[in-house]
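Here the structure is laid out as structure tokens; the discussion comes afterwards.
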Amino acid sequence: MAFGFFLCVILLLSVWDNTTKCDYIPNEVLHMECRDGFFMIAFEFPFTGNEPRFDAVDDTGVYPITNQYATECGYSVSVLPLLGYVELRASYFSCHTNNKDDKVFTFNFNLIVTHEGKEVTYALNKTCSPTLPWSPREITCEVNYMEVSVRNEVTCPCTSKRDDWNAALNPAYALAASDWQVMLHRDGEQLMPISLYEARKQGYVFQLTDGRLVFRTPYGQPDSLSTEVNGVPVEVIHATLFSRQNWVVIMVDLVAACSMYEGSYDSGYMIWKTPEVLHPLVSGLNVTQVNVGVKGELVAQPVAEGRGYIVELQNSTVQISIPYNAEGGYRKSFVSGHLYEFYIFDLYLEQISVDEDNVDTRIRFHKTLATPLLPRPVFTENRTVLEERTFTIYLGDVPEDVELASVYLNGQEFTVPFTNAGSHTLSKVVHPNNTHGYTLKVPFDDPVVIQQWSKEHEETQHRLDINYTLTVLPENEPYYHLASVMALTDVPPPAFEAICSESGISFKLDHRPFDYLWEIRIGSDLLTSELAAQRGYIMSNDSQSLLLNVPLFTHGYEYKNFTLKGFFGTFEILVQDHETEVQSSTVKTCPFSTTELIVCSTDGRMTVVADLSLAVPSGGVPAQTNLLDEYCGPQEADDTRALFSFPLNSCGSIVKLSNEYVTYANEIFFSKKGTLKNPVHWSNDIDRVIMRCTYRLDGLHRLFSLHRFESDTAGVGRIVHSAHSTEGLSGPTIEPTVWQTPVPTTRLSPRPGYHPPAQYIKVPSFLNSISKKGATGLSQTKVTLYFGL
Ligand SMILES: *[C@@H]1O[C@H](CO)[C@@H](O)[C@H](O)[C@H]1NC(C)=O
Ligand SMILES: *[C@@H]1O[C@H](CO)[C@@H](O)[C@H](O)[C@H]1NC(C)=O
Ligand SMILES: *[C@@H]1O[C@H](CO)[C@@H](O)[C@H](O)[C@H]1NC(C)=O
Ligand SMILES: *[C@@H]1O[C@H](CO)[C@@H](O)[C@H](O)[C@H]1NC(C)=O
Ligand SMILES: *[C@@H]1O[C@H](CO)[C@@H](O)[C@H](O)[C@H]1NC(C)=O
Ligand SMILES: *[C@@H]1O[C@H](CO)[C@@H](O)[C@H](O)[C@H]1NC(C)=O
Ligand SMILES: *[C@@H]1O[C@H](CO)[C@@H](O)[C@H](O)[C@H]1NC(C)=O
Ligand SMILES: *[C@@H]1O[C@H](CO)[C@@H](O)[C@H](O)[C@H]1NC(C)=O
């Protein structure tokens, strides 16, 4: 189509003429066909163009086919602008058709198309030879006119209608001239005869062809009769044409009768009716056959049945029922508040009847049927799968002439196709039943989704209001379809990322909108900046994320798998819902290595890795060391270090109790047992290695149970190397790798310069005395035992 127009535009530009003749038009858009009794010209044009027009052309001139002219001269033009379709039907007996012996008909016409403001005229022609012989009487009930043609030769003056003929004769005899005259009848009344010229002026056209007399009239003429037959409206025109030639008066009765039934719609069917007998003069006769077709073309019976056409004779009325969406019809979507559709069907019907004298009458009906506006809802379906955390909404049953132009997601417009700006996507699905659909996917955490915490359900509500803008093509009329989806999800507890470092573990939490629902705990303590400061955690918290750096040996670590090479430290952060107390945790275990360490566990175990390089005399090895109890040897030792791990109150540990603290102490000795075999050289500045674990008394549940020890918190451990201490054993001690809040040393350490005699308290005996005195006796007696090692 475009190509054809293109050629013509070039022509136009070069000629600078508003009406250019252009004889090229592509076959795809122009269809010219021969049908029974008429030419059928169909042309497809683009929606935006003006409606095409037609001129009828013959030797005498060019005749624009206007509405009025069409009804008088046998043309019928129907335009479906929204479908870009125009159809011209021209009767073989139309005014400007070249007729050769009623056998070959040639129709010359102009098709005038407006293209880019310029009119382009295509001179076209079509020649047809009817395949069927002409019936003695042919009646055409076109959409805009009635036409009847009868065989010209005078056959027998039929006896049954003699009265009629006689009635017509009297005035006819008196007034008839040698020229043809016409007398119209209305409701049994005869009107004054008029000349053919006068009749033409009144819109009646009579034509005498080679073998036929043709009479045509628009509907609704003053002389036509509108009546009802079996409840069906019928219009009848009855003209008697006569001519007196000498003593013979030739009269021809021309009667056309057409059903004026508008069409109706019932339960999915478009219905049209025509009485079996339209008029006694037309079909006083029995209907012998009814054929149905579409767009001026009959279809064979099986095909008609296959398409669901129903032809019934009811109450002497022929009733045709066509399924609303039958093949061959047109469909169009329409917006009027809601989305509707309607169907148009060009019904073509042929009724063949036979009168008593076996003379055929063939009646052709052209009728455009239309359905009322039928609701054509589109639907949305919630295809969300919660686990995908994405809304999936399907918009379906979108008719083929409707397109999605844009989507408002919670009021924010996104035109189709989506640019890849957001995380939401749209895909189109086409179905074989001429509908299509769109699948919209919007992740729950897309910024357009509205999130609300539902306290009642203890879930997050994700909400998406969708306003689809659909446009009906080609006129681009918008239609809005609304949908709303909602989903509830559990808020997953915030999860920390954790990274090991040499000196501790770093935790990171990216803030989310709903994290205020959760509180962060270390053990049973709420994480606050105060707690962090108190325990030596390094915390930073901005609007983006929370960073928590937990140095090794700070409160909250658990240790295991101690070896000389290293050990594992585990730190756990708990996340707890305020209300439900549902907890989740992030646990991170990292490998660490140190040269020395002391760990005083909550279950009463002292684990020590000590550097003994100065404590072992030359020639000796750390493996030959032991604790106060000489039977407690190292678990592991290398050239310089040894690992001891033992219950606090074993291996000869010395216990010291104060008002608030209990301290367990032990010492690593070079084993003198080994000296015999491996002579060692003792020196005076040999390093003494003393380990102490101090626990707060108020955190202890069981102090000196033989079987169990329980403390809320780990003890504070120290390894004291006399060799490193400038103040000797009584001086302030170094605290290797211990960063916990130090227990006030004044309570535990001897006062400077004061060296009380060491008191060794055997744990079992002390335990006995406590249990005898009872727990309160301890505080009443205010036992203050200082000891030094
Ligand atoms: C009819 O149209 C054809 C092209 O379709 C053309 O060749 C022929 O000359 C035309 N005839 C008349 C009489 O215009
Ligand atoms: C038949 O037509 C008559 C006259 O119009 C009407 O009264 C009657 O109801 C119709 N019967 C049926 C079954 O349609
Ligand atoms: C018309 O129908 C009537 C009865 O319905 C019948 O008697 C008559 O023979 C039929 N005429 C023709 C020509 O079929
Ligand atoms: C068209 O086909 C699709 C897919 O089979 C179906 O979901 C839809 O309901 C159909 N629509 C109509 C109007 O038949
Ligand atoms: C849907 O969007 C259109 C276009 O913006 C607007 O006119 C209409 O009011 C919207 N409908 C609703 C219910 O929000
Ligand atoms: C949509 O589907 C989801 C997932 O199946 C469901 O949770 C939700 O209640 C549904 N309904 C609406 C109106 O969103
Ligand atoms: C971190 O800051 C956010 C506000 O940015 C606050 O809601 C949250 O309670 C803070 N967290 C901690 C542990 O201080
Ligand atoms: C820690 O030691 C235990 C045995 O005490 C062992 O099963 C486990 O695999 C060790 N863990 C690591 C990480 O080596």
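Order of listing sets the numbers, starting from 1, for every ligand and every atom in it.
Taking any N or O of N382, backbone or side chain, at least one lies under 3.5 Å from an N or O belonging to ligand 6. For ligand 6, the polar-atom distance check against M486 finds a nitrogen or oxygen pair separated by under 3.5 Å.
Between the side chain of D58 and the main chain of Y63, no donor-acceptor pair closer than 3.5 Å is present. Side chain of T140 to backbone of E142: no donor-acceptor contact under 3.5 angstrom is found. Without hydrogens or angle criteria, W134 side chain to D102 main chain gives a donor-acceptor distance under 3.5 Å.
If you look at N108 next to ligand 1, the close heavy atoms, those under 4.0 Å, all belong to the side chain. Residue V485 touches ligand 6 through backbone and side chain together, judged by heavy-atom distances below 4.0 Å.
Within a 4.0 Å radius of atom 7 (O) of ligand 1, the protein contributes no non-hydrogen atoms. For atom 11 (N) of ligand 4, the protein comes within 4.0 Å by at least one heavy atom.
With respect to atom 5 (O) of ligand 4, the closest heavy atom belonging to the protein is H431 ND1, 4.3 Å. Ranking protein heavy atoms by distance to atom 14 (O) of ligand 1, first place goes to N125 ND2, 3.2 Å. Among protein heavy atoms, atom 4 (C) of ligand 6 sits closest to T384 O, 3.2 Å. Protein heavy atom in closest approach to atom 9 (O) of ligand 4: D397 OD1, 3.5 Å. Of the protein's non-hydrogen atoms, N433 ND2, 1.6 Å is the one closest to atom 1 (C) of ligand 4.
Other residues, nucleotides and ligands contribute more than 12 heavy atoms inside 6.0 Å of the CD atom of E475.
Between D401 and R331 there is a salt bridge, with a side-chain nitrogen of the basic residue lying less than 4.0 Å from a carboxylate oxygen of the acidic one.
Ring-centre distance between H96 and Y69: below the 6.0 Å cut-off.
Among the candidates R364, K295, R35, the single residue satisfying the side chain to side chain contact (heavy atoms under 4.5 Å, CB included) test with Y348 is R364.
When only modelled atom types and interatomic distance are considered, T106 and T127 share a side-chain donor-acceptor pair under 3.5 Å.
Within the listing of ligand 4, atoms 1 (C) sit less than 4.0 angstrom from a heavy atom of T435.
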